[in-house]
There are 2 protein chains.
Amino acid sequence: MSAGGFKAKHLAIVGLGLMGGSMALALRPYVDTITAVELDPGARDFALANKLVDCATDDLKAGVSDADVVILAAPVRAIISMIRNRIGAYLRSNTLLIDIGSTKEDIIDAMGVLPIGIQAIGGHPMTGKEQSGIEASDATLYRGRPFVLVATRRTTPATRLRALALVEALGAVPIEMDAHRHDRVVAAISHLPYLLSAALVATVAQEGDADDAVWKLAAGGFRDTSRLAAQDVQMMGDILSTNTQAVATLLAYFRMQLAILEAMLISRDEQKLAERLTPIREARLGWQQRQENNPK
Amino acid sequence: MSAGGFKAKHLAIVGLGLMGGSMALALRPYVDTITAVELDPGARDFALANKLVDCATDDLKAGVSDADVVILAAPVRAIISMIRNRIGAYLRSNTLLIDIGSTKEDIIDAMGVLPIGIQAIGGHPMTGKEQSGIEASDATLYRGRPFVLVATRRTTPATRLRALALVEALGAVPIEMDAHRHDRVVAAISHLPYLLSAALVATVAQEGDADDAVWKLAAGGFRDTSRLAAQDVQMMGDILSTNTQAVATLLAYFRMQLAILEAMLISRDEQKLAERLTPIREARLGWQQRQENNPK
């Protein structure tokens with residue numbers, strides 16, 4: 001079943017950061033008018049001056065009431081708050097409402113009680129950049145990247161097809177799953193790595209305070225393992241606080257895995273340690289191989 | 001005090017991997033003859049065919065007995081075993097003996113009981129490459145990189161100056177410290193990150209066995225955090241088993257740091273979590289800044 005070509009008369013994008021700005025650039029060929037809703041006047045001015053969007057407002061109601069497609073490109077709890085407090089009443093019937101928040105369960109729950117007739121679906125494009133902000137917008141940001149779609153109680157077969165067409169227009173690869181599964185997956189591959197990275201930097205910083213040679217000698221291994229600790233604290237706080245259960249579950253499993261390695265190390269059971277580390281190494285190399293066979 | 005120019009009549013390199021082969025290439029302009037001691041005939045043939053060395057043998061005694069400088073470029077426990085079992089008796093008086101093992105305390109202890117007259121000093125060049133093996137040898141591998149020097153009971157002032165000259169000839173940056181401090185530093189910046197990376201991959205692999213979407217959606221954050229888990233298992237086993245105490249200490253501190261973040265997360269104390277993550281982020285960014293101001 002083909003998703004068909006994506007088209008919109010009036011696309012509203014709520015939130016003009018890297019993700020929202022890149023959506024505007026990527027979807028421009030498929031829509032007549034793009035309106036942005038954004039509180040920051042600097043981001044609005046940038047988007048207008050660079051013709052990313054046709055109109056920009058700080059008024060949610062004014063921005064979305066004429067739209068036939070609305071993309072919520074804001075932090076997770078801002079998305080939830082818009083859904084719970086106002087947006088359903090502002091939208092026309094049959095409007096496609098999609099969000100791109102990094103966790104899905106709370107958002108999907110909130111979408112489930114929107115007025116009937118709103119075509120609501122959750123989304124999570126698995127992409128990003130070192131830089132953030134609308135200035136870093138890039139029409140190719142979504143190309144070849146996985147784009148998770150999560151059905152809500154307001155997702156009709158037509159909603160799903162429109163969302164698939166939107167993902168296709170972005171050049172992204174749609175992957176459909178439920179919200180619980182999504183949140184567990186991203187806890188493993190993204191939120192757990194962030195917390196480990198932060199706790200590593202805290203440990204190394206404590207050593208570095210006592211001995212500057214720590215910072216002097218730190219090199220590539222530390223650089224890679226600690227990179228995620230430089231992520232935006234507010235953004236990560238928003239994401240972690242909406243995925244606490246899955247993250248805590250993964251942390252418990254991680255501690256178990258680390259404890260097994262530590263026990264083998266301390267007991268100097270080197271044969272067992274090697275037997276345990278070998279399939280771990282193979283799993284990492286296997287994933288890398290798979291990535292290389294499916295270049296983005 | 002200048003270290004003076006490095007010169008050797010007869011340099012012996014024990015171990016022809018990436019590190020040993022790169023030593024041969026980098027030191028070639030400063031020595032008359034290079035002999036390699038290596039058990040693997042393939043590595044010996046490669047080194048001779050590509051003129052990295054002038055002679056190659058599998059006999060330690062024959063390889064080192066005429067040398068005035070000997071570099072031990074083997075795994076840590078192979079280095080210790082050579083020092084304990086044979087090499088002192090094979091060496092001429094005043095030979096400079098330096099190793100490049102990744103942990104230092106056990107090696108320095110062993111060097112301390114070499115025959116008086118052997119100019120023994122420990123070394124650890126902080127460099128590497130994705131590829132390993134002599135085929136990846138690179139004359140610039142050590143250039144601009146820190147090279148830790150660790151004094152032994154057999155390190156005279158003359159030993160130290162010869163070692164500094166050798167480091168300078170490699171284009172590396174000498175950093176002198178004692179073995180205990182070195183091992184603690186590398187536990188923090190290298191061995192702890194490796195174990196975290198391995199335990200992360202074990203955790204993610206367990207999730208991935210249950211749900212293939214884990215592998216499908218894993219991207220840049222997982223890639224960087226897990227990269228060290230692909231390191232050679234035998235090499236890491238050798239390193240970890242000779243640095244157990246420092247690694248176990250750092251693991252205990254790490255668990256504490258992780259537990260604090262987890263408690264704040266689970267109790268949903270987001271303000272405190274942000275206050276804790278902010279200086280962590282700044283420490284990481286500060287280190288990065290420092291690295292960029294001191295390009296290699």
Side-chain angles (χ1 to χ4, degrees), chain A residues 126 146 175 177 181 185 188-190 193 195-207 211 213-219 221-222 224-230 233 237 240-241 244 247-248 250-251 253-254 257-258 261-262 265-266 268 270 273-274 277-278 280-281 283-285 287 290, chain B residues 126 146 175 177 181 185 188-190 193 195-207 211 213-219 221-222 224-230 233 237 240-241 244 247-248 250-251 253-254 257-258 261-262 265-266 268 270 273-274 277-278 280-281 283-285 287 290:
Chain A
M126 309 294 287
I175 298 181
M177 63 177 74
R181 182 177 164 203
V185 169
I189 62 175
S190 172
L195 285 172
L196 301 184
S197 189
L200 170 66
V201 171
T203 311
V204 168
Q206 181 183 305
E207 295 290 300
D211 183 353
V214 168
W215 295 122
K216 257 195 205 152
L217 296 180
F222 173 73
D224 289 352
T225 324
S226 67
R227 189 177 63 80
L228 291 180
V233 165
L240 291 169
S241 73
T244 309
V247 172
L250 268 296
L251 272 170
Y253 282 128
F254 170 81
Q257 295 292 350
L258 188 64
L261 295 176
E262 185 176 8
L265 179 71
I266 294 180
R268 300 182 179 272
E270 200 174 343
L273 187 63
L277 288 171
T278 298
I280 289 173
R281 175 168 187 267
R284 175 55 170 73
L285 292 173
W287 173 75
R290 196 169 146 168
Chain B
M126 308 295 286
I175 298 181
M177 64 177 73
R181 181 175 165 206
V185 169
I189 62 174
S190 172
L195 284 172
L196 301 184
S197 188
L200 170 66
V201 171
T203 311
V204 168
Q206 182 182 305
E207 295 290 299
D211 182 352
V214 168
W215 295 122
K216 259 195 203 151
L217 296 180
F222 173 73
D224 289 351
T225 324
S226 67
R227 189 177 63 81
L228 291 179
V233 166
L240 292 169
S241 72
T244 310
V247 173
L250 268 297
L251 272 170
Y253 282 128
F254 170 82
Q257 295 291 350
L258 188 64
L261 295 176
E262 184 176 10
L265 178 72
I266 294 180
R268 298 181 179 276
E270 200 174 340
L273 187 63
L277 289 171
T278 299
I280 290 173
R281 178 170 184 266
R284 176 55 171 73
L285 291 173
W287 173 74
R290 195 168 148 168

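Order of the sequence lines sets the chain letters (A, B, ...), proteins ahead of strands, with each chain counted from 1.
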Could you tell me which of [options] has the largest number of non-hydrogen atom pairs under 4.5 Å with chain A?
options                                : result
B/Asp211, B/Leu195, B/Leu250           : B/Asp211
B/Ala230, B/Ala248, B/Gly221, B/Gly237 : B/Ala230
B/Thr225, B/Val247, B/Thr278           : B/Thr225
B/Val204, B/Leu200, B/Leu228           : B/Leu200
B/Ala229, B/Ser226, B/Ala188, B/Ala283 : B/Ser226
B/Ala218, B/Pro193, B/Ala213           : B/Ala218

Checklist line | Shortest non-hydrogen contact from B/Trp287 toward A/Trp215 | finding: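 Of all heavy-atom pairs spanning B/Trp287 and A/Trp215, the closest is NE1-O, 3.2 Å.
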Notebook entry, point to check: What closest approach, in Å, do A/Pro146 and B/Leu217 show between heavy atoms, and which atom pair accounts for it?
Noted result: CB-CD2, 3.4 Å
Notebook entry, point to check: How many angstroms lie between CG in B/Leu261 and CG in B/Leu273, if you round to the nearest 0.5 Å?
Noted result: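 With rounding to 0.5 Å, CG (B/Leu261) is 6.5 Å from CG (B/Leu273).
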Notebook entry, point to check: Roughly how far, to the nearest 0.5 Å, is the NZ atom of A/Lys216 from the CD1 atom of B/Ile175?
Noted result: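 If we round to the nearest 0.5 Å, B/Ile175:CD1 and A/Lys216:NZ are 5.5 Å apart.
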Given a strict heavy-atom distance threshold of 4.5 Å, which part of [X] is in contact with chain B: side chain, backbone, both, or neither?
X        : result
A/Leu277 : both
A/Ser197 : neither
A/Ile280 : both
A/Ser190 : neither
A/Leu196 : both

Check: What residues form a side-chain contact (heavy atoms from CB on, under 4.5 Å) with A/Ala219, not counting sequence neighbours?
Finding: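 Only B/Arg145 meet the side-chain contact (heavy atoms from CB on, under 4.5 Å) criterion with A/Ala219.
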Margin query: Using the salt bridge (charged side-chain N to carboxylate O under 4.0 Å, His left out) criterion, which residues pair with A/Arg227? Sequence neighbours excluded.
Written below: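 Testing A/Arg227 for salt bridge (charged side-chain N to carboxylate O under 4.0 Å, His left out), a comparison that skips the adjacent residues, returns A/Glu130, B/Asp224.
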Notebook entry, point to check: Under a 4.5 Å cut-off applied to non-hydrogen side-chain atoms, are A/Met126 and A/Val185 in contact?
Noted result: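 Answer no - side chains too far apart.
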Notebook entry, point to check: Does a side-chain heavy-atom distance below 4.5 Å link A/Leu258 with B/Phe254?
Noted result: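 Side chain of A/Leu258 against side chain of B/Phe254, heavy atoms only: contact under 4.5 Å found.
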Check: Considering only heavy atoms, which portion of B/Leu285 lies under 4.5 Å from any heavy atom of chain A: side chain, backbone, both, or neither?
Finding: side chain
